Each structure stands twice: as C-alpha cells, then as structure tokens.
Amino acid sequence: MRPILNTHVAEPGLAVVDVTAADDQTAFADQELLAGRWATAEPDRTTREPGEPGVRLRLFLDVRQEAGA
C-alpha cells in the first residue's frame with residue numbers, strides 16, 4: 001500500500017481507514033457501508049500480501065461531509 005501522507009489527515013475530520021477482509025467482495029461491501037454515510041475517495045482495487053490470507057483496501061474519508069452532500 002502507498003504511504004499515508006500528511007495531506008490525507010491534515011485537518012480534523014479527515015481519516016484513512018485500512019480494511020482487511022477475507023475477499024474482495026467483503027472489502028468492497030465494507031467500503032459501500034462507509035461511503036453511504038461519509039464522503040470517500042473510492043478505491044478501485046484491493047491489494048494482497050503474498051503468503052498472507054485475505055485482502056486489504058485503503059479508504060480516505062471526510063467525516064465532515066455526509067455522502068451526497
């Protein structure tokens with residue numbers, strides 16, 4: 001995964017969330033739940049670590065803005 005930059009969390013209300021799930025379907029379902037509530041930068045793919053179970057998905061949230069606002 002790419003490093004978290006200061007700009008990703010430069011102000012109160014900005015967050016980086018790393019989701020670890022068994023599979024892509026579960027990871028993206030989690031992303032949909034969060035995106036239904038807050039503004040998110042939607043990820044397009046999960047990552048896998050060779051030899052480790054599951055997938056990872058990084059989300060950037062702005063909890064100051066409700067989804068669709």
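This structure is a prediction, so every number in the text was calculated from the model and none was measured.
Under the side-chain contact (heavy atoms from CB on, under 4.5 Å) criterion, D23 pairs with Q25, T26, sequence neighbours left out. Every side-chain contact (heavy atoms from CB on, under 4.5 Å) that V17 has, sequence neighbours left out, goes to V19, L34, L59, L61. Not counting sequence neighbours, the partners of R64 by the side-chain hydrogen bond (donor to acceptor under 3.5 Å, both in side chains) test are E11, D62.
Counting only heavy atoms from C-beta outward, the side chains of V55 and R45 never approach each other to under 4.5 Å. Counting heavy atoms from C-beta on, the side chains of R56 and T46 never come closer than 4.5 Å.
Nearest approach of A27 to A21, heavy atoms of both residues: N-CB, 3.7 Å.
Distance OG1/T40 to CD/Q31: 5.0 Å, rounded to 0.5 Å.
Hydrophobic clustering places F28 together with W38 (ILVMFWY residues linked when any side-chain heavy atoms are closer than 4.5 Å, directly or through intermediates).
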